[in-house]
Amino acid sequence: MVIKSVNLETVCGITSKLPENTLPEVAFAGKSNVGKSSLINAIMNRKSYAKTSSQPGKTQTINFYNINNVFYCVDLPGYGYAKTTLETRAKWGKMIERYLSTSKQLQRVFLLIDIRHAPSENDRLMYEWIVSEGYEPVIIATKLDKIKRSQIQKQVKILREGLGMSKEGILVPFSAETKQGLENIWEIIDNAVLKTE
């Protein structure tokens, strides 16, 4: 898909009503600082449309980016950021849960996990949560450029086993630096959003 237009159309805070969109949606979840904004910018072919930050916990809203008037790229708040209060974290959790359980247009959920580490407790919970809502999450193993090529298979195995993924489960190693994996991600998005047309 050639990106012709990108528009941050809706920003939902904790108390906002979620939009009733008519276009298909693909959502991106991941813990704070996992590289979600960098991936979304790569998908949208924009340098810094989604705000990247060295400070984790910056995305505190659900952001709906309208791409080409064909689909929405939905950026969910980062979870598991230690410096936010438990109360705030619980509210973000509720917000994500509300979106996952009520969106009528959601076609695919991408869950981002740092390829360098085994899945955290929060990652596992998020994975199980997405599955319990009836979605088979696509795992994006971020920060691929931070490990040696020889380590990739080992780390992928650690992620798959740590999450208890099925053999059919899709996992895409991705680097925001080199854009490796981006083509695969686009293929999955195309299949998800174009099948609804």
Side-chain angles (χ1 to χ4, degrees), residues 1 24-45 50 52 56 59 62 65 67 71-81 93 96-97 99-101 103 105-196:
M1 192 182 290
E25 298 168 357
V26 290
F28 295 85
K31 73 176 176 207
S32 302
N33 237 10
V34 74
K36 203 154 41 69
S37 300
S38 301
L39 169 64
I40 289 171
N41 284 326
I43 287 168
M44 300 190 300
N45 202 13
T52 57
T59 308
I62 300 181
Y65 295 94
I67 314 281
F71 75 100
Y72 286 96
C73 185
V74 183
D75 184 5
L76 299 171
Y79 55 80
Y81 178 45
I96 296 170
E97 186 176 24
Y99 170 69
L100 288 178
S101 59
S103 169
Q105 300 297 338
L106 184 56
Q107 306 299 323
R108 264 296 189 192
V109 183
F110 292 85
L111 177 57
L112 282 66
I113 299 178
D114 189 327
I115 197 165
R116 297 171 297 178
H117 311 293
S120 67
E121 182 60 25
N122 278 327
D123 291 330
R124 286 196 297 276
L125 284 172
M126 192 70 197
Y127 180 81
E128 285 161 14
W129 205 4
I130 295 166
V131 170
S132 72
E133 289 295 344
Y135 299 97
E136 178 68 53
V138 174
I139 304 302
I140 310 278
T142 60
K143 316 214 185 230
L144 178 61
D145 48 282
K146 303 274 196 283
I147 63 171
K148 294 191 179 82
R149 189 167 284 193
S150 58
Q151 296 176 292
I152 296 172
Q153 285 318 106
K154 182 184 138 216
Q155 292 306 114
V156 163
K157 190 167 184 269
I158 289 170
L159 285 185
R160 280 187 169 280
E161 287 174 356
L163 292 169
M165 286 178 76
S166 68
K167 284 202 167 50
E168 297 75 51
I170 303 170
L171 185 150
V172 182
F174 170 73
S175 162
E177 292 294 317
T178 66
K179 305 293 182 278
Q180 190 178 334
L182 187 59
E183 214 171 292
N184 299 39
I185 295 166
W186 256 118
E187 204 176 308
I188 297 163
I189 292 173
D190 277 343
N191 287 339
V193 302
L194 299 177
K195 74 172 170 42
T196 60

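If you read the sequence from its start, that first residue is 1, and numbering goes on from there.
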Original post:
Step by step, would you call N122 with M126 a side chain to side chain contact (heavy atoms under 4.5 Å, CB included)?
Top reply: CA-CA 6 Å; N122 278 327; M126 192 70 197; over 6 Å; no
**OP:** Measure the spacing between CG of L125 and CD1 of I130 and express it to the nearest 0.5 Å.
**Re:** 11.0 Å
Subject >> Side-chain donor/acceptor of R108 to backbone N/O of I189, under 3.5 Å >> reply: no
**OP:** With the side chain counted from C-beta on, respond yes when I67 and M44 share a heavy-atom pair under 4.5 Å apart, and no when they do not.
**Re:** yes
Original post:
Minimum heavy-atom separation for I152 to P173, with atom names?
Top reply: CG2-CG, 4.5 Å
Original post:
What's the shortest heavy-atom distance between S166 and E136, and which atoms?
Top reply: OG-OE2, 4.2 Å
Original post:
Rounded to the nearest 0.5 Å, how far apart are CG of L144 and OG1 of T178?
Top reply: 6.0 Å
**OP:** Locate the shortest heavy-atom distance separating Y135 from S103; write the atom from each residue and the value.
**Re:** OH-O, 4.1 Å
**OP:** Side-chain contact test, heavy atoms from C-beta onward, threshold under 4.5 Å: evaluate it for I147 versus K154 and give yes or no.
**Re:** no
Subject >> For K157, the option from Q153, Q155, E161 that meets side chain to side chain donor-acceptor pair (under 3.5 Å) >> reply: E161
Original post:
Which distance, rounded to the nearest 0.5 Å, do you find between the CZ of R116 and the CD1 of I158?
Top reply: 13.5 Å
Original post:
Is there a side chain to side chain contact (heavy atoms under 4.5 Å, CB included) between I43 and F28 once you walk through the steps?
Top reply: CA-CA 11 Å; I43 287 168; F28 295 85; 3.4 Å; yes
Original post:
What pair of heavy atoms forms the shortest contact from A192 to V26, and how long is it?
Top reply: CB-CG1, 4.4 Å
**OP:** Go through the steps to decide whether L194 and M1 satisfy the test side chain to side chain contact (heavy atoms under 4.5 Å, CB included), and finish with yes or no.
**Re:** CA-CA 10 Å; L194 299 177; M1 192 182 290; 4.2 Å; yes
Original post:
Hey, is CD on Q151 packed in by over 12 heavy atoms from elsewhere, all under 6.0 Å?
Top reply: yes
Subject >> Aromatic ring pairing F71/W186, orientation class (parallel under 30°, perpendicular over 60°, tilted between) >> reply: perpendicular
Original post:
Pick one: which of I188, L39, I139, V172 meets side-chain contact (heavy atoms from CB on, under 4.5 Å) with F110?
Top reply: I188
**OP:** Specify the closest pair of heavy atoms between L159 and I115, including all atoms of both residues, with the distance to one decimal.
**Re:** CD1-CA, 4.2 Å
Original post:
Rounded to the nearest 0.5 Å, how far does OG of S175 lie from CD of Q180?
Top reply: 7.0 Å
Original post:
Do R160 side-chain atoms and G169 backbone N/O form a donor-acceptor pair below 3.5 Å?
Top reply: yes
Subject >> Spacing of K31 atom NZ and S120 atom OG [to the nearest 0.5 Å] >> reply: 3.5 Å
**OP:** Applying side chain to side chain contact (heavy atoms under 4.5 Å, CB included), run through N184 and F174 and close with a yes or a no.
**Re:** CA-CA 9 Å; N184 299 39; F174 170 73; over 6 Å; no
Original post:
Nearest heavy-atom pair of K143 and V34: which atoms, and what distance?
Top reply: CE-O, 3.6 Å
**OP:** Rounded to the nearest 0.5 Å, what's the gap from CG on L111 to NZ on K36? Could you check?
**Re:** 10.5 Å
